[in-house]
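Below: one structure, written as structure tokens.
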Amino acid sequence: MQFQIAPSILSADFANLGKDIEMLNASADIIHLDIMDGTFVPNISFGFPVVEAVSKIASIPMDAHFMVVHPERWVKRCAEIGVKMMSFHQEAAKEDTAAILADIRANGMKAGLVINPDIPVENLFPYIGQADFFLIMSVFAGFGGQKFIPDSLKRIKTLKAELKRRGNDAPIEVDGGVSDDNVQLLKDAGASIFVAGSSVFKADDPAEAIARLRGEKRTY
Ligand code: DX5
Ligand code: ZN
């Protein structure tokens with residue numbers, strides 16, 4: 001199993017973002033962009049001017065996680081900027097979910113479906129085959145630096161088992177409180193893409209923290 005680390009720039013130094021992106025180009029697999037609208041979640045992060053600026057220096061794929069109402073509005077714009085993975089919340093899209101997944105794919109991006117910790121994981125099952133990846137939130141979307149919710153492990157296992165049963169190899173991404181303390185358990189549960197904000201950017205050596213999460217150097 002190949003594991004990919006997707007640092008969230010929500011915890012980066014926005015006054016020196018270029019430097020952090022260069023570091024990620026050299027050490028990470030994916031750049032995770034957390035887009036919040038202050039309505040779907042009680043916080044506002046950043047929008048397209050920042051995504052565009054990142055796109056100019058990013059040499060690894062950009063993964064845009066939309067925590068917004070009406071994610072369908074932003075599909076074209078993401079594709080134009082060069083975003084490779086676009087995900088949105090099933091609880092924001094509701095009955096439009098299948099159409100938005102299809103639109104993301106039609107625009108040449110990988111389509112990801114996300115759920116918050118209070119949404120039954122079974123809500124994702126109807127979209128197996130329609131999504132290219134699934135994102136299980138292991139904290140409630142809205143803020144970086146929250147504590148990992150251990151029940152997420154069970155939810156990942158349940159989804160992984162259903163994917164296997166249906167012969168689907170869509171990767172499971174996990175987002176929220178991911179650190180050295182839980183990454184191995186998450187790998188064992190079936191996750192393969194790991195979003196990490198504070199555990200990377202608050203580390204003394206972020207590049208080394210990324211390598212450690214990937215499993216190149218174990219400290220435990
Ligand atoms: C939360 C975001 C996460 C967050 C992760 O709404 O989706 O991507 O930035 O940050 P940490 O790793 O600090 O929990
Ligand atoms: Zn995220």
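Computed from a predicted model, the values in this text were never measured in an experiment. All ligand and atom numbering here is 1-based and tracks the order in the structure.
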_Interatomic spacing from CG in Leu24 to NE2 in His32 - rounded to 0.5 Å_ = 12.5 Å
Taking 4.0 angstrom as the limit and counting only heavy atoms of [X], give me the atoms of ligand 1 inside it, by number and element.
| X | value |
| --- | --- |
| Asp175 | 2 (C), 3 (C), 4 (C), 5 (C), 7 (O), 8 (O) |
| Met137 | 7 (O) |
| Asp34 | 2 (C), 3 (C), 4 (C), 7 (O), 8 (O), 9 (O) |
| His65 | 7 (O) |
| Gly176 | 14 (O) |
| Met67 | 6 (O), 7 (O) |
| Met36 | 6 (O) |
| Leu10 | 9 (O) |

Nearest to the Zn ion (ligand 2) - the N/O/S atom of [X], by atom name:
| X | answer |
| --- | --- |
| Asp175 | OD2 |
| Asp34 | OD1 |
| His65 | ND1 |

*Proximity of Ser8 to ligand 1 by residue part, where a heavy atom lies under 4.0 Å*: side chain
For [Y], is there an ion pair with [X] - N to carboxylate O distance below 4.0 angstrom?
| X | Y | answer |
| --- | --- | --- |
| Glu122 | Arg155 | no |
| Glu162 | Arg165 | yes |
| Lys110 | Asp63 | no |

*State yes or no: are the ring centers of His89 and Phe40 separated by less than 6.0 Å?*
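When the ring centroids of His89 and Phe40 are compared, they turn out to be within the sub-6.0 Å range.
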*Are Trp74 and Phe88 near enough that their ring centres are under 6.0 Å apart?*
no
_Quick check on Asp151: does its CG atom have over 12 non-hydrogen neighbours (other residues, nucleotides or ligands) under 6.0 Å away?_
yes
*Evaluate whether atom NZ of Lys160 has more than 12 neighbouring non-hydrogen atoms of other residues, nucleotides or ligands under 6.0 angstrom away.*
yes
_Pair Asp132-Arg105, salt bridge (Lys or Arg N to Asp or Glu O under 4.0 Å): steps then yes or no_ = CA-CA 9 Å; Asp132 296 299; Arg105 283 179 159 184; 3.0 Å; yes
_Taking a cutoff of less than 4.0 Å between a non-hydrogen atom of the residue and any ligand atom, is Gly142 in contact with ligand 1?_
yes
Which residue and atom name correspond to the protein heavy atom nearest [atom], and how close is it?
| atom | result |
| --- | --- |
| atom 13 (O) of ligand 1 | Ser198 OG, 2.4 Å |
| atom 14 (O) of ligand 1 | Gly177 N, 2.8 Å |
| atom 12 (O) of ligand 1 | Gly197 N, 2.7 Å |
| atom 1 (C) of ligand 1 | Phe143 O, 3.5 Å |

_Partner of Phe194 under side-chain contact (heavy atoms from CB on, under 4.5 Å), chosen from Val174, Ile30, Leu213_ = Val174
*Give a yes or no answer on whether the side chain of Ser199 reaches the backbone of Val178 with a donor-acceptor pair at less than 3.5 Å.*
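Confirmed, Ser199 side chain pairs with Val178 backbone.
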